[in-house]
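Per chain, numbering begins at 1; letters A, B, ... match sequence-line order.
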There are 2 protein chains.
Amino acid sequence: MSVMPIPQQNHLLAALPAEVQQRLLVNLELIPLPLGMVLYESGDALRHVYFPIDAIVSLLYVMENGASAEISVVGNEGLIGVAVFMGGESTPSRAIVQSAGYAFRLLGKQFKDEVNRHSEMLHLMLRYTQALLTQMAQTAVCNRHHSIDQQLCRWLLLSLDRLSGNQLVMTQELIANMLGVRREGVTEAAGKLQKLGVIEYSRGHIHVLDRCKLEQLSCECYAVVKKETDRLLFYVPAEPRQGQPALR
Amino acid sequence: MSVMPIPQQNHLLAALPAEVQQRLLVNLELIPLPLGMVLYESGDALRHVYFPIDAIVSLLYVMENGASAEISVVGNEGLIGVAVFMGGESTPSRAIVQSAGYAFRLLGKQFKDEVNRHSEMLHLMLRYTQALLTQMAQTAVCNRHHSIDQQLCRWLLLSLDRLSGNQLVMTQELIANMLGVRREGVTEAAGKLQKLGVIEYSRGHIHVLDRCKLEQLSCECYAVVKKETDRLLFYVPAEPRQGQPALR
DNA sequence: CTTCTTGCGTGCGCTAGCGCACAGAGACGG
DNA sequence: CCGTCTCTGTGCGCTAGCGCACGCAAGAAG
């Protein structure tokens, strides 16, 4: 990040009415999110909501025995902390930084008040929440029916969509935690992809060489979630943004 | 159903302010939900929202190859059709009746207008939606990490909580569809439970004999979802309902 | 340049769950 | 009472993924 991040780089913030943006701007706090930082733990009352700029945050469920599984992933298309306006104030999951970067944050209470004052803003947030819901549902299905190979492809694509460039900084161990599988399983799957010339990696750095191939090898889950997310967030009838094709 | 169902048997309808109840009552339509009825298909625009009384409805994702997986389950604690007020108007899943019974339904537009007029009502619906979110997340985790035996226990408990009595009408084949596993897998798991004296079944009728044991044999997922659902929906500070222990 | 740490590769035995095939047994209509 | 359909039980070979153990090599630290 050589240039200063601005709030409008987060799609949700950018989509707010100008008037609301003005009022929120002064309260937004730019926060660096280093890899592995925990934004909140399972059951924590949410003090802030976070709007990622170039960071990626995973919602992770950690079981009693320590095993984990990623529930959903959030980049600059969304926000962390939907429980603030959904009313629960907490969720039984952990929010952890999966790719370092920056985010703007806002006090939960302030955000909640603002959301409740502006129905347009509320409805935007609710559409985002529905996109999140879709992602969770699809994760459930994917966990049930698809191979590690397919899931790795899906996961790489989800991350890629939320990054600029085609390189991820991410060890296989961490990917395994996210997918809820063995590290060796990821090694094997990644090895296959490398042999096929789809990716190239070494010691925590993954280059995606052939995104197209990746999409072919992925299960349907990626496309379903992407399509639905685009429908919910980026198709705004009779506005200039209409038809914007992708997450980023 | 020898007695006439009344709207207040649905927890969400019962929790609405008296004034709103009055206005909705005349528009509520009592509908019988036979086993297997599809309330909506993946991608359908939602014409109605449904409030189950004694029926159970599953949200099911059906993949391209026909395989399926249950995303969440809804009984008289909730409603079918959250996409109406979340703004998406549709979801990529099927709503199918898993246990026959009755539900009240309401035109989606009417419900939406009502929700948008009453913030108290909206907030109740959002809390329910968060409970749904939790259930989906937990389903994802459960699909990843737990055995068919454990998942069957969880599934039986979820159904039991939404029924009166301790008998389910449900073939192993259908349970397998819900869990997204083989029918034989369910046969085996159910056989174990029967040997342990936890359940008793024959040709689509399952009697639960020892609910306690069922909870012990289930994975943590059931308890997590139940606790969170109770927290979100039934704990209303400084009101008579406070401390109500269970879903039903 | 050495040493240590971190990330990746690999092999091996094991189990859960799959796909398939078929058999028996309750329910039910004629 | 008989044929038919639906539901459940069982057996068998197969594979994906697990747990474990160990080796190796690229960077970082000294």
Residue met sooner reading DNA chain D from 5', once B:Gly191 and A:Asp149 are mapped to nucleotides: B:Gly191
Flag for A:Glu70-A:Gln98: side-chain donor and acceptor within less than 3.5 Å: yes
Starting from [atom2] on [N], measure out to [atom1] on [X] and report it in whole angstrom.
| X | N | atom1 | atom2 | value |
| --- | --- | --- | --- | --- |
| B:Glu188 | D:dG9 | CD | C1' | 10 Å |
| A:His205 | C:dC8 | NE2 | C1' | 14 Å |
| B:Lys192 | D:dG9 | NZ | P | 14 Å |
| B:Glu173 | C:dC18 | CD | P | 13 Å |
| A:Leu174 | C:dT6 | CG | C1' | 12 Å |
| A:Leu35 | C:dG7 | CG | P | 10 Å |
| B:Ile206 | C:dG26 | CD1 | P | 18 Å |

Distance criterion of 3.5 Å, no angle test: do you see the side chain of [X] paired donor-to-acceptor with the base of [N]?
| X | N | answer |
| --- | --- | --- |
| B:Arg203 | D:dT8 | no |
| B:Arg183 | D:dG9 | yes |
| B:Glu184 | C:dC20 | yes |
| A:Arg182 | D:dG19 | yes |

Phosphate-side-chain proximity, B:Gln172 and D:dG9, N/O vs OP1/OP2 below 4.0 Å: yes
Distance below 4.0 Å between B:Tyr201 side-chain N/O and D:dG9 OP1 or OP2: yes
Which residue lies more 5' along DNA chain C, comparing A:Gln194 with B:Gly180 via nearest heavy atoms: A:Gln194
Sugar-phosphate only, base, or nothing, as touched by B:Gly204 at under 4.0 Å among non-hydrogen atoms: sugar-phosphate
Closest non-hydrogen atom pair between B:Leu33 and B:Ala55, with its separation: CD1-CB, 3.9 Å
Among C:dA21, C:dC18, C:dT10, the nucleotide that comes nearest once only the side chain of B:Val181 is considered: C:dC18
Which nucleotide in C:dC8, D:dG9, D:dG17 has an atom nearest any side-chain atom of A:Ser147: D:dG17
Validation row, ring centre A:Phe234 to ring centre A:His11 under 6.0 Å: yes
Inter-residue atom distance A:Thr134.OG1 - B:Met86.CE, 0.5 Å rounding: 9.5 Å
CG-SG distance between B:Leu217 and B:Cys153, expressed to the nearest 0.5 angstrom: 5.0 Å
